[in-house]
There are 2 protein chains.
Amino acid sequence: MATMHDVARLARVSVSTVSYVLTGTRPISQATRDKVLAAMAELDYQPNAMARGLASRRSRILGLLMPMDERGLGATETAFVTGAAAAASAAGYHLVLSPVGGGDLDDLRRLASQRMLDGVVLMEVQLADERVTVLREAGVPLVLIGRTGDTSGLSYVDIDFEQTVREAVAHLVGLGHRSIVYVNHSAATLASGYGPALRTRDAFVAAMTGHGLEPVMIPAEDSAAGGRAALAAAFAQAPELTAVLAMNETAIFGILGELTGRGLSVPDDVSVVSMVTSPQVAELATPALTAMTSPGSAMGRIAIEALLRHLDGPGDERHQQLLPCALETRGSTAVPRRPAPDTPGRSPSNGG
Amino acid sequence: MATMHDVARLARVSVSTVSYVLTGTRPISQATRDKVLAAMAELDYQPNAMARGLASRRSRILGLLMPMDERGLGATETAFVTGAAAAASAAGYHLVLSPVGGGDLDDLRRLASQRMLDGVVLMEVQLADERVTVLREAGVPLVLIGRTGDTSGLSYVDIDFEQTVREAVAHLVGLGHRSIVYVNHSAATLASGYGPALRTRDAFVAAMTGHGLEPVMIPAEDSAAGGRAALAAAFAQAPELTAVLAMNETAIFGILGELTGRGLSVPDDVSVVSMVTSPQVAELATPALTAMTSPGSAMGRIAIEALLRHLDGPGDERHQQLLPCALETRGSTAVPRRPAPDTPGRSPSNGG
DNA sequence: ACGCTTCGTCGAAACGCTTCGACAATCACT
DNA sequence: AGTGATTGTCGAAGCGTTTCGACGAAGCGT
């Protein structure tokens, strides 16, 4: 393995000159530069990342911290990752994914304090997330995908859940649906303070109330069985339901299965909208799902770009940005077959 | 950030002594050790990974190189990753995932030559995989998940596709199915030399022939639409089919949808077996899929352990291991409703 | 009491790079 | 021609570890 010394000797210049050619920190004449580059090519020289990192106190490595649970990464998360990796690579940085789970906070602390990562993008952020605290204490530049409850002083990119839910509800109401059930993540997930679950819940209540309709939310385990159970619960609570809105890529398959099992057709009897879903997953179902399409790779890219800005300028401007999901109409929504009953018995107290 | 010097000064010992306490390279008396540990705790000392890496020429970082395509990681791949991460962490190594695509071979070469990774596990290996060549030339210790055509001198862990296909076919034949269609990955994937697709193809031909049955294989794009098209093609080629074997987690949903669309019931009219599938995905379908369950986290763990053995002992023993998938019977397979026609017109030449 | 290991510790030399201060040479103005 | 800024290069001092050789102090058999 050739070192900088070898290159310098072969090119008959000093080591520092070679370094300047590489980093562009100081001007180097064309003639010298050519000599050096030729020597590097001849020796097949590759700078040693460790040495460079030690001397410059910059590893040029960015971390993408993502808890990996059993379920795997959906196409949505994968799009984040590829977007982020592309952005990092374009800026001359490496992006490494670290599958730090929720439990190993010490592991995270070690990772952060070892000065191996120039900065970090944190995924799947909880409303109260200790990882954020750990990382901030360690002084690691940080950008969130998602956001904590208190975002002061924090940079983040997140989905605009409020807007997304509003659009989804508007789409269904526009078709004539009056009884819409929202299938959320599990009760445990809600209790753990998972932002997307809480925000969409609140947004759903607001949107439905705004239309003068009663909001019914059902939590569901992240599994097909969970989806089935949720649908049963939904019919128990709102027998007249004609539409299901779901943010649970796993449960939704159970919902569809149960609907078919009950002899109900999608979309004629019941319309289904999936929230924050990638086209790939939406196409998996039969019929293909009308969905609020997640912003995909853009979110990863934006997060990395914000992080890089933090690294360069020590400026204190925080990047806080919400991205909407776009409604993509496919085959799972339609005008309801049974006409909307004009407001069922138990009308909302604040009714209109 | 405290350095080793600070610790040494506070503990009134030399830097090297601190280092020996940390690495255990040389014996240190209990008294000294305690002093040093106390000093480290007081200063909240964390060793600098770069400096350590530079001096020891060991980064204690392992790379898991996985091409990230649009589709995302299935639960199967995720299980590999978590298994690998756990094994690495247990051995005091960090595991980083690098989403190097197939295209950026130069990127890979750079990553490998920068001496930032002590070793590498390569996923999604093609039969002729240039990445293997690049990595070997760079002299990076390497373990494959999957395998190339020529595995001499290479360590790998892979699924025993031959055995898996044999078992799947045996299961269906045992139920009484005579006309079984195998839905593989796309023609393009086959042409690109993707090992699993090719090995299962050959294994399927062998297994069917062994039972005196005619093997019919249909390639399918990795999408629901691809699955639908494949099923149509399957009925065109083998109208009497009663069972589908598929190794294509995406297409299988299209297959199920198309089956339902044609008014055929699963499993009464047509049985379906999914190959190399995680329980999570199998449960997503309605009915839940009988599947050959992938070895999951074990594969990742075994790969990392093999890699670590390479790092320690410079021994030349290669680790080559095949893991079978286990048959898990769920609701998608049953005795065929229409009795097997006693061998249709075009009987296999080597018939029994 | 004699050499001989083994134990515990130290100082100093790497590891391969970046970066700072210095300095000669060139250039552009007066 | 003289001044000051600019350009291009060099040598050396780090960056925070590990690791090697050395060496005094014990412990052992004789």
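Naming: A, B, ... by sequence-line order, numbering from 1 per chain.
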[X] [atom1] - [N] [atom2] separation (whole Å):
| X | N | atom1 | atom2 | answer |
| --- | --- | --- | --- | --- |
| B:Gln114 | C:dG16 | CD | P | 15 Å |
| A:Asp6 | C:dC15 | CG | P | 11 Å |
| B:Met4 | D:dC15 | CE | P | 15 Å |

With a 3.5 Å cut-off and no angle check, do the side chains of B:Arg33 and B:Tyr20 form a donor-acceptor pair?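 Looking only at side-chain atoms, B:Tyr20 and B:Arg33 do not form any donor-acceptor pair under 3.5 Å.
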
Would you say the side chains of A:Ser16 and A:Ser19 form a donor-acceptor pair under 3.5 Å?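 Their side chains do not contain a donor-acceptor pair, so the 3.5 Å distance test is not met.
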
Within residues 36-62 of chain A, residues whose heavy atoms come under 4.0 Å of DNA chain D: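 Result for residues 36-62 of chain A: A:Leu54, A:Ala55, A:Arg57, sorted by number.
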
Hey, can you pull the residues of residues 17-30 of chain A with a non-hydrogen atom under 4.0 angstrom from DNA chain D?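 Result for residues 17-30 of chain A: A:Thr17, A:Tyr20, A:Arg26, A:Pro27, A:Ile28, A:Ser29, sorted by number.
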
Whether A:Ser89 side chain and A:Ala85 backbone form a donor-acceptor pair below 3.5 Å: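 Looks like no, no N/O pair under 3.5 Å.
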
Please map the stems of DNA chain D, keeping only stretches of three or more Watson-Crick or G-U wobble pairs with both distances under 3.5 angstrom.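 Listed by first number, the stems are C:1-30 with D:1-30.
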
A quick test of your reading: do over 12 heavy atoms of other residues, nucleotides or ligands sit less than 6.0 Å from CD of B:Gln321?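 Atom CD in B:Gln321 is crowded, with more than 12 foreign heavy atoms closer than 6.0 Å.
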
State the CG-OG distance between A:Asp107 and A:Ser98, to the nearest 0.5 angstrom.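 OG of A:Ser98 is found 7.5 Å from CG of A:Asp107.
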
I want to check one thing: is the phosphate of D:dG16, taken as OP1 and OP2, less than 4.0 Å away from some side-chain N or O of B:Thr3?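 No, no such contact exists.
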
